[in-house]
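Report on one structure; see the data block that follows.
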Amino acid sequence: MREHDSGEAGRKRMNKKKLPKAVLRTADEMRGTAAEQPQETPHPVDLNEKPAASSANQRSTADNVIELVPKIEPAPADTIIVSQAHDAAAALRRRKAVAIVERYANWSAVGGAIPVPLANAAAITALMVRMIKSLSTLYDVPFEQNRTRAAVVGLMGGVLPTGLATIATSTLTYFIPGYGMLSLAVSSVTSSAYARSIGQLYIEHFEIGATQIDFKKIVLR
Amino acid sequence: MAHSIITVATMKGGSGKSTLASCLAAHWQINGRNAAIIDADPQRTIARLVAREKALGGVHVAEDATEDAFKTAQRLVGDYEKVIIDTPGFRSQATLACLGVSDFVLVPVKPSPFDVDRMLDTLNILINGVSGRRPVFRCVLTQTTRESVIAKHIRSELAEAGFPVLDSEMTNRVVYAEAALWGGTPSLLDKSGPAAREIAAIADEVEQICESMIQVKRAASA
């Protein structure tokens, strides 16, 4: 049977355990450095002052010590504040833009319900031009009426081919007896929907910092 | 009996500063000495303790974690025989200022190389002087395991390196945490218990040192 060390003999062996040094500096070494470094003075207070390292503290770092934590320069507080303010302003501007589009979409619904053939299409075009003018003002983009009108017509007839066709079709149905009320409803809904579509396109366009001039590229795309 | 300011300081957190400060204050209060504590630690350990049932046995506690804590100590020492300052567990201007006005500094240290290393920074300040003064100090081992090899090892190493250590030490005991639940210390719960006896031994050593310092001052002035 295996015997285990226990009792007095075991404790004595334990107490004889050789331990490495725990106290790495002596009082004399500290006194020796006293003349080299200024005394601690509590005042005046300098909050930016870094603690004075003693010569003993400045002992060389062991070769096997690797600095694992990368030094990340924190963003200055004022930069963070400016960035947050910019984000908040952009969000507010977008909300205003969406409100403008919604308002003109509602007006387009009314314009689409005008029971006069072709006149309602002209009214909707005019409303959309005004909507884009409002958006241009909001995003501080130069507004050119002729170019905008051409873009709106192009969107309705080219980019969104069904747009003009639907409006034209619903307008033409006015001429068919008995279909008047139906065509009014169709024209009203489609006008509102296309106003929203064009408005959203312009919002996305202005949000990325583009101007009306290069909007043509989007239309062509 | 002369009045004195005793600062409990080390720049290592969790070394038992607040426990030691509260235990000494309660011990002196129980024994008829008028004791006060200045809680200069923003963690408010003593202030929280005194809010509990036993209220630290009636020890006066002044909460002042500002850089003017030393002024509070100077003001209170006229009215209280023992003014103990509990300092924060990090380097601060408040601690340096308190060390500058202290008659005696107790530096608690756990028997662990991490604590010893950081404590040496505190001793470096004390040895090299604060505001032109070199306060008398003693290290005191805290949270030790009775008869442990590491505690003996560190005690002997500190002595060999020329750092004065109190003979008495605070053994790690659950009674400190239990007493804190009541807002008290072991001396308030069981005056004759082993923890209370250890505290009494530390307090006696501190008093003897303070007395001998006063005698030396008197002899020097005479």
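Each chain gets a letter, A, B and so on, in the order the sequences are listed, and its residues count up from 1.
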Should we say atom CZ of B:Phe90 is surrounded by more than 12 heavy atoms from elsewhere, each under 6.0 Å from it? yes
Considering non-hydrogen atoms only, spot the tightest contact between A:Ala27 and B:Gly162 and give its length. CB-O, 3.5 Å
For the student: nearest non-hydrogen atoms of B:Glu157 and A:Lys21, plus distance: OE2-CA, 3.2 Å
Search all heavy atoms of B:Asp117 against all heavy atoms of A:Ala22 and return the closest pair with its distance. OD1-O, 4.2 Å
Would one find more than 12 heavy atoms of other residues, nucleotides or ligands at under 6.0 Å from atom CD of B:Gln74? yes
Enter the distance from A:Thr26:OG1 to B:Leu123:CG here, rounded to the nearest 0.5 Å. 11.5 Å
If you count heavy atoms of other groups shown closer than 6.0 angstrom to CZ of A:Arg130, is the number above 12? no
Within-4.5 Å side-chain heavy-atom neighbours: B:Glu160 and A:Val23: no
Looking at every non-hydrogen atom in both residues, tell me the closest pair between A:Met30 and B:Leu120 and how far apart they are. CE-O, 3.2 Å
Does B:Asp121 reach the side chain of A:Arg25, with side-chain heavy atoms less than 4.5 Å apart? yes
